[in-house]
Amino acid sequence: MRISVIGCGYLGAVHAACMAALGHDVVGYEIDETKAAVLALGDAPFYEPGLDELLRSSLATGRLAFSSKPEVLADAEVHFLCVGTPQKRGEFAADLSYVHAAVETLVEFLSPGDVVVGKSTVPVGTAESIRDMVSEAQPLAALAWNPEFLREGLAVKDTLAPDRLVYGLCPGGEGERARAALDAVYGPILAKGTPLVCTDLSTAQLVKVAANSFLATKISFINAMAELCEATGSDVVAVAEAIGYDPRIGRRFLNPGLGFGGGCLPKDIRAFMARAGELGVDQALSFLREVDAINIRRRTRMVDLAREECGGSIAGRRIAVLGAAFKPNSDDIRDSPALSVAEQMWLQGADVTVTDPAALDNARRKYPDLRFAETVQGAVRGAELVLLLTEWPEYVDLDPCDLKRFVARPRVLDGRNALDPEIWSRAGWSYRALGRTTTPADAQTWRAQRP
Ligand code: UDX
């Protein structure tokens, strides 16, 4: 198939490379010239394991190209919309200006029989308005919605071996044409037995935000249990493990800690709430407000814990923060819980140094006032308190005996419940974590400290 991918950010760049890897002729259209040029050289403009290799191998076959010239769209028969839908400034709703601008550009180049496929995460009802734009410009083109569920850090795998495919199709011949095109595009994936859900346009849009809302709810549920555990001296990790054995619940996405961040979950649940309000069913999603509130409270709790550890004030105290990315295996710092905590501590006068294996450049640009170190040793040297806030494997595997040599006081706060409390305690560290106590004595102290 001749495919265009419109918007080459996280979603589009990965989608373009993966579609070329499936054997299609793909052009990625990216409005940002520099980004298009970097991609054309086989370099991903962000950190995504496996993507550089895939870009280079696909570019070498001649089946993949990137351009900032919209004319390239004329050669494709299937067009994937992959532009971003960030949160509007000062509002919960999604900013759809990029989607509309992309469609306005695309419709100039549509031919009869072309299929336009939306992948961006949009408020329910957006696809219908895009369909109007498409059919007005080219009545013989078809529109479908095909949400993606890729996770940063696992984006290539999630695109080439997804858990499921979802097609949102229009009724009649338009839907049949779109389905045939999508089946051809995803032929090798479907051949592996990947489940396919075919539905209407509005359901397909809803599926994506429903999935992200469920994931966010699961994380906030276990973090609410963490708040309870802190009040009772219980262990939230054991709670997660024990309830996770129930297959109806499942252990995945029940990792308690600092909560969710990134470019998707926070803004998607907010946009979903805003859309529900517009539809007059805001009560149906009022629980998401609480999901959001629990999530944000974890960050404040982490700062409170740091203050408690420092005897009531962190002003002037040397604190090391391990992690800046919103999650491991990513350089994405959008709504990063780690940087939010680092910034709050800095605002309270702490002497904070942050390190991260991949996200330092992005973090420096967004938080010029924070101090950064290239290495863990550099960050923890002389620290009175070490905070693990993003669970990169290299941090989880740190040798606490070795690390102890660099710090002023061996005290660690595990914001991701990722370290082994026993190993760290045996190495002479004082260990505390969100929602978890290490010893009965600890529990007593925690209870005693509560008002
Ligand atoms: C998410 C969805 O998983 C994906 O399907 C969708 O397409 C885009 O949004 P992503 O933003 O890449 O993907 O990150 P994800 O792996 O879902 O993690 C989101 C956040 O939740 C991270 O900050 C992570 O640290 C946090 N998290 C995740 C937890 O706090 N606990 C968990 O158990 C799991």
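Numbering of ligands and ligand atoms starts at 1, following listing order.
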Check [Y] with [X], please: is the shortest side-chain N to carboxylate O separation under 4.0 Å?
| X | Y | answer |
| --- | --- | --- |
| Glu148 | Lys119 | no |
| Asp282 | Arg289 | no |
| Arg436 | Asp235 | yes |
| Glu278 | Arg275 | yes |

Where is the nearest protein heavy atom to [atom]: which residue, which atom, and how far?
| atom | value |
| --- | --- |
| atom 3 (O) of ligand 1 | Arg151 CG, 3.5 Å |
| atom 21 (O) of ligand 1 | Phe260 CB, 3.2 Å |
| atom 17 (O) of ligand 1 | Phe253 CZ, 3.1 Å |
| atom 1 (C) of ligand 1 | Leu265 CD2, 4.0 Å |
| atom 9 (O) of ligand 1 | Cys264 CB, 3.2 Å |
| atom 30 (O) of ligand 1 | Arg416 NH1, 3.3 Å |
| atom 18 (O) of ligand 1 | Lys327 CD, 4.0 Å |

With heavy atoms only and a cut-off of under 4.0 Å, state how [X] meets ligand 1: side chain, backbone, both or neither.
| X | answer |
| --- | --- |
| Lys218 | neither |
| Asn212 | side chain |
| Asn255 | both |

Quick one: pull up CG in Asn255 and NZ in Lys327 and give me the separation to the nearest 0.5 Å.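 One gets 12.0 Å once the value is rounded to the nearest 0.5 Å.
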
Roughly how far apart are Asp25 CG and Arg2 CZ, rounded to 0.5 Å?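 It comes to 8.5 Å.
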
Taking distance alone, with no angle check, do [X] and ligand 1 share an N/O pair under 3.5 Å?
| X | answer |
| --- | --- |
| Gly261 | yes |
| Glu152 | yes |
| Phe149 | yes |
| Leu150 | yes |

Where the closest heavy atom to atom 29 (C) of ligand 1 is concerned, which of Asp268, Asp335, Asp158, Ile219 has it?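 Among Asp268, Asp335, Asp158, Ile219, the closest heavy atom to atom 29 (C) of ligand 1 belongs to Ile219.
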
Test item: side-chain donor near acceptor, [X] and [Y], under 3.5 Å:
| X | Y | value |
| --- | --- | --- |
| Tyr395 | Glu391 | no |
| Arg318 | Thr353 | yes |
| Thr85 | Lys267 | yes |

Numbering as shown, the atoms of ligand 1 that approach [X] to under 4.0 Å (heavy-atom distance):
| X | value |
| --- | --- |
| Glu148 | 7 (O) |
| Leu254 | 33 (O) |
| Lys208 | 7 (O) |

For Ile31, does the CD1 atom sit with more than 12 other heavy atoms under 6.0 Å from it, leaving out its own atoms?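 Incorrect, the count does not exceed 12.
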
Using atom types as modelled and distance alone, determine if a side-chain donor or acceptor of His24 lies under 3.5 Å from a backbone N or O of Val185.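 Yes.
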
